[in-house]
Amino acid sequence: MAKQVPIVDYLVLGDPPRLEVSTCTACGAGFFDRRIRCGRCGGRDFERRVVPATGIVRTFTIVHRAAPGTPTPYVSAVVELDDGTRVKANLLGVEPDPKAITLGMKVELATFVAETDDEGTEAVAFGFRPLNGGKGFSDA
Amino acid sequence: MPEDVWIIGASMTKFGRYPDKDVLDLAAEAALAALDDSSTTIADIQILAVGCLFEANAMVGQRLLSQIGQTGIPVYNVANACATGATALRTVIMSIKAGESDIGLAVGVEQMGKAGLLGPAGQGKPKRKVFEPRGRYGAVTNVEGVLGTQLMPGVFAQAGMEYAYENEGVGFEQFAKVAEKNHAHSTLNPLAQYQKRFTLDEVMSAEMIAYPNTLLMCCPTGDGAAAAVVASGTKLKSMPLEIQRRAVKVAASVMTSDPWAEGGQAQPDVNTLTRLAAARAYEEAGVGPADLDLVELHDCFATAELIHYDNLGLCEPGGAGEFIDRGAPWRDGSIPVNVSGGLLSKGHPLGATGIANVYEVTQHLRGEAAERQIEGARVGLTHVIGLGSACCVHILTR
Ligand SMILES: [Zn+2]
């Protein structure tokens, strides 16, 4: 099997793969990026915390015109995880059609190989797919 | 008690494409027109602030003075994304309030040409590709389009759809109605880049860029400049009566950045800082949304305008869909919004926008807006957002 690396360092590969945040020990705010201080309270101490793999779609867009090299159309979304953490990612396994996507629909974390470099290393990215599988369940 | 601050001259070029001009041509045209409008010359000006985003490191202000008059005054070249022009204006206002100057000039200018989509994407690829974590997220490759989108059309589409998630009565049609309105308004503005009316059906069936924003719901790129001459109340009293008669008061000048908000790291939060700026501006000016005769707000995308009805308190909380459905922001509605045609149709040369909206409101308060005049206008609000984010709100009165 090819060597794999996560596309960003807040994605931790494993079984199952998961997202992690740096959590401010003073106020509980979670951050995906490398921190200097807490942006909410100025706190200086952080601990790593795994965030839930399931949540709901707070908002989405279907991108039809994108930067060169990006396949279109695709669905970008902001997902609110079960602990309130919000994360941006693509929706996977849904038709790029507004009728197939419902605001508030339940989704779960999924990973896929996004790209391979010249040494054969695979970059693994994440997205979210409808929780019960299938292609959107929202025509109701 | 800080000085009162007044707009005594304002101008903008027609927005459009000027391949045969450069930023100095455009900036000088606007600056000289604003000076003429205030019956002053560059020799009277004590401070210059210039906003030009694409040439932010190129000393545009000093190069402008080398073309229109080198008087040795302090020059501030500012950059704040789409709030760049408003930031230049506010720099002059702050100098006057501080008592360091009593008359100054603010200029916003941009030459974009056909820039296409804006945002951090499309960087060149190295010859040999080996994954290596970079930046504060440890990204090993370009994530645009892989981990969602951070290009402007998608970001503002998602901001609108989040409002639709949280509130009733908002969907594709409500967003499209915003563009229908602004394109209709632009037909009365000879300085607008586009002056063409479209039906709601034409708006909705245009090429989809990022759902729910179609091409006619996205602002164009373009070139242009705007300028304002600003004076203290004390200075104004010493000026000819005709200038005093046409002067418009800056009743509030507010800038905010993003307070921490849940979700602000997932996508830019254009709501919280706008709400904060509006609240401070209403307090500073001693007016409320019901007192506004017109509003020029930052409709870079139709979705953006709709959510700002709520952020600026123009509608009932959660009621932006109903607000557009009943025609309230049309020029004959209860609070006319973007009677200039807005960014969607007037155009959005980034650095010029935050002064062009002040020009628009100034013209109405003076009763000089010609065919598109909002009769009897006495109080107007301008709003811009530079993503990242910077928000400026000005309230003008007479
Ligand atoms: Zn904290």
Side-chain angles (χ1 to χ4, degrees), chain A residues 5-11 29-35 38-41 56-80 84-91 96-98 101 103-104 112 114-119 121-123 125-127, chain B residues 116-117 119-123 125-133 135-151 153-166 171-172 207-215 218 258-267 303:
Chain A
V5 294
I7 192 167
V8 286
D9 59 16
Y10 57 91
L11 171 65
F31 300 93
F32 289 114
D33 63 341
R34 183 164 63 82
R35 298 305 301 178
C38 173
R40 185 193 203 180
C41 79
I56 54 108
V57 173
R58 269 189 76 81
T59 183
F60 72 94
T61 181
I62 303 167
V63 178
H64 289 263
R65 202 194 276 187
T70 306
T72 56
Y74 68 91
V75 184
S76 168
V78 174
V79 171
E80 181 173 320
T85 300
R86 296 182 203 171
V87 59
K88 184 158 58 71
N90 287 358
L91 294 188
D97 178 343
I101 305 157
L103 293 167
F112 61 98
E115 203 178 323
T116 304
D117 74 6
D118 291 335
E119 294 178 346
T121 303
E122 294 175 342
F126 67 91
Chain B
L117 299 168
Q123 286 127 1
K125 286 183 180 164
K127 287 203 165 45
R128 184 174 162 78
K129 183 173 66 181
V130 178
F131 291 142
E132 199 180 315
R136 302 197 77 86
Y137 296 93
V140 301
T141 185
N142 176 33
V143 300
E144 171 60 27
V146 179
L147 300 181
T149 184
Q150 52 182 330
L151 295 181
V155 165
F156 282 96
Q158 289 184 169
M161 291 299 284
E162 187 164 40
Y163 188 83
Y165 170 62
E166 291 173 332
F172 184 22
E207 181 193 347
M208 186 58 72
I209 302 297
Y211 180 88
N213 285 323
T214 67
L215 186 62
C218 302
D258 292 320
W260 185 89
E262 186 67 60
Q265 66 178 338
Q267 73 163 356
T303 46

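Lettering follows sequence order; numbering is per chain, from 1.
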**OP:** Could you walk me through whether A:D9 and A:R34 pass side chain to side chain contact (heavy atoms under 4.5 Å, CB included), step by step?
**Re:** CA-CA 9 Å; A:D9 59 16; A:R34 183 164 63 82; 5.9 Å; no
Original post:
Which bit of A:A123 comes within less than 4.5 Å of chain B, counting heavy atoms only: side chain, backbone, both or neither?
Top reply: both
Original post:
Can you tell which of B:D258, B:T303, B:T141 has the highest number of heavy-atom pairs within less than 4.5 Å of chain A?
Top reply: B:T141
Original post:
If you tally heavy-atom pairs under 4.5 Å against chain B, which of A:G69, A:G84, A:P71, A:A125 wins?
Top reply: A:G84
Subject >> A:P6 versus chain B, the contacting section by heavy-atom distance below 4.5 Å >> reply: backbone
**OP:** Considering only heavy atoms and a distance below 4.5 Å, find which of A:V78, A:I7, A:V5 pairs most often with chain B.
**Re:** A:I7
Subject >> Partners meeting side chain to side chain donor-acceptor pair (under 3.5 Å) with A:E122 (sequence neighbours left out) >> reply: A:Q4
Subject >> A:F31 and B:W260 aromatic ring geometry - parallel, tilted or perpendicular at 30°/60° bounds >> reply: perpendicular
Subject >> Full working for side chain to side chain contact (heavy atoms under 4.5 Å, CB included) between B:Y165 and A:I56 >> reply: CA-CA 11 Å; B:Y165 170 62; A:I56 54 108; 3.2 Å; yes
Subject >> Residue list, salt bridge (Lys or Arg N to Asp or Glu O under 4.0 Å) with B:E166, at least two apart or on another chain >> reply: A:R58
**OP:** Quick one: which of B:A157, B:A261, B:A139 has the most heavy-atom pairs under 4.5 Å with chain A, could you say?
**Re:** B:A139
Original post:
Which region of A:F126, side chain (C-beta onward) or backbone (N, CA, C, O), has a non-hydrogen atom less than 4.5 Å from a non-hydrogen atom of chain B, or is it both or neither?
Top reply: both
Original post:
Out of B:E207, B:Q267, B:E262, which one racks up the most heavy-atom pairs below 4.5 Å with chain A?
Top reply: B:E262
Subject >> Heavy-atom check, side chain of A:H64 versus side chain of B:I209, under 4.5 Å >> reply: no
Original post:
Using non-hydrogen atoms only, which part of A:V63 is less than 4.5 Å away from chain B: side chain, backbone, both, or neither?
Top reply: both
**OP:** Using non-hydrogen atoms and a 4.5 Å limit, figure out which bit of A:T116 sits close to chain B: side chain, backbone, both or neither.
**Re:** backbone
Original post:
Do the side chain of A:D118 and the main chain of B:V130 share a donor and acceptor less than 3.5 angstrom apart?
Top reply: no
Original post:
Do A:T70 and B:E144 have side-chain N/O donor and acceptor atoms under 3.5 Å apart?
Top reply: no
Original post:
Going by the angle between their ring planes, with limits at 30° and 60°, are B:F172 and B:Y211 parallel, tilted or perpendicular?
Top reply: tilted
Original post:
Which one of A:G127, A:G104, A:P96 has the most heavy-atom pairs closer than 4.5 Å to chain B?
Top reply: A:G104
Subject >> Among the listed options B:T149, B:V155, B:V143, the residue most often paired with chain A at heavy-atom distances under 4.5 Å >> reply: B:T149
Subject >> Part of A:F60 within contact of chain B (heavy atom distance under 4.5 Å) >> reply: both
